[in-house]
Amino acid sequence: MKIDVLSLFPAMFEGIFGESILKKANEKQAVTYNVVNFRGFADNKHGQVDDYPYGGGAGMVLKPQPIFDAVESLKNENESKPRVILMCPQGERYTQSKAEELAKEEHLIFICGHYEGYDERIREHVVTDEISIGDYVLTGGELGAMVVIDSVVRLLPGVLGNEDSPVKDSFSSGLLEHPHYTRPADFRGMKVPPELISGNHRLIEEWREKESFRRTFERRPDLLENQTLSEKQKRWIEEWEKSR
């Protein structure tokens, strides 16, 4: 996968691309990163990429010309049809299913804005996806882009040491992940559930399935709203509600 990022603050990405899974993914040649300061595409000697909004109002708006030229340059350089992602609080809320969708692409371009907003023509004629990582506003799109890139890259084949890891993550199955325990089995009187140390793989999987559903039911019931519950899951809910 090829990932290009358009940002006015490219140094922000040096740390995240040079550490942990994102670094290993690049070393394994599963992905390449390229961060471009789109100020370099400004058509004026001052490198100005923003201007006052028509109609007045607070703040400055990113001009279309630098973004258009930067994206066109990247497309020509790679001879590809990338997904062009605008990080924006008005975009669709980011989910694991969106990460899985983007992980199937060969080329992604992220646009990280600043100031008050974007010229609307950028949305209409350049962008393929608008993404928000939550209902709050950040100073710029860089942090949001880092979140999306991390969640996508870890899904690429060969990036994680255990190929089952991304499949069993929270949200991948539509449910939150089950609790985890490690040694010692008894820590200050707090004991690991007996199913997990029974050596019985069927009991272990049943415990994990039930606890995954319990955690989702208790913490994120909204994730179950559009799911068709099995008879087993309905019995679990009845059991928990009776014990309250």
| said: Is there a side-chain contact between K210 and W236 in this structure, where contact means two heavy atoms from C-beta onward sitting under 4.5 Å apart? | reply: yes
Looking at G174, is its backbone amide N or carbonyl O close enough to the side chain of Q227 to form a donor-acceptor pair, meaning the two atoms are under 3.5 Å apart? yes
Applying salt bridge (Lys or Arg N to Asp or Glu O under 4.0 Å) to K24 and not counting sequence neighbours gives none
N/O donor-acceptor pairs under 3.5 Å from side chains in residues 57-73, not counting sequence neighbours:
{"residue": "Q65", "atom": "OE1", "partner": "D43", "partner atom": "N", "Å": "3.2"}
{"residue": "Q65", "atom": "NE2", "partner": "F41", "partner atom": "O", "Å": "2.7"}
{"residue": "Q65", "atom": "NE2", "partner": "D69", "partner atom": "OD2", "Å": "2.7"}

Exercise for the section: Inspect the surroundings of NE2 in H180 and state if more than 12 heavy atoms from other residues, nucleotides or ligands are less than 6.0 Å away. Expected result: yes
When rounded to the nearest 0.5 Å, the distance separating CG of L175 from CD of E211 is 12.5 Å
To the nearest 0.5 Å, atom CD1 of I21 lies from atom CG of N26 at 12.5 Å
### Message
Whether E101 and R83 form a salt bridge (side-chain N of Lys/Arg under 4.0 Å from carboxylate O of Asp/Glu) is what I want to check.
### Response
yes
- Does the side chain of I149 come within less than 4.5 Å of F17's, by heavy atoms? yes
For L138 and G144, the nearest pair of non-hydrogen atoms, with its separation, is CD1-N, 4.2 Å
Here the gap from D4 atom CG to L108 atom CG, rounded to the nearest 0.5 Å, amounts to 9.0 Å
The reported gap from CD1 in I237 to CZ in F217 (rounded to nearest 0.5 angstrom) is 5.0 Å
Exercise for review: Flag the pair R244 and E241 as a salt bridge only when some basic side-chain nitrogen lies within less than 4.0 angstrom of an acidic carboxylate oxygen.
Suggested key: no
*So, are E124 and R121 salt-bridged, with charged N and O less than 4.0 Å apart?*
no
>> Within the structure provided, determine whether L196 and R208 are in side-chain contact (heavy-atom separation under 4.5 Å).
In response: yes
The single option from K2, E106, H107, K75 that satisfies side-chain hydrogen bond (donor to acceptor under 3.5 Å, both in side chains) with S80 is H107
* Would you confirm whether K28, through its side chain, and G158, through its main-chain N or O, come within 3.5 Å as a donor-acceptor pair? => yes
Requested in this report: Could you tell me whether E206 and R202 make a salt bridge, using a distance below 4.0 angstrom between a side-chain N and a carboxylate O?
Outcome: yes
Legend entry - Sub-4.5 Å side-chain heavy-atom contact between V31 and V159: no
One should read off an interatomic distance between N44 CG and R39 CZ, to the nearest 0.5 angstrom, of 9.5 Å
Here the gap from E142 atom CD to S7 atom OG, rounded to the nearest 0.5 Å, amounts to 3.5 Å
**Report entry** Any Y118 side-chain heavy atom under 4.5 Å of V126 side chain
**Finding:** no
Whether the side chain of T128 engages the backbone of V84 through a donor-acceptor N/O pair (distance < 3.5 Å, no angle test) should be reported. yes
| query | Side-chain contact, heavy-atom cut-off 4.5 Å: V152 with M1? | reply | yes
Is there a side-chain contact between I131 and M87 (heavy atoms, below 4.5 Å)?
-> yes
Nearest heavy-atom approach of V5 to C112 is CG1-SG, 3.8 Å
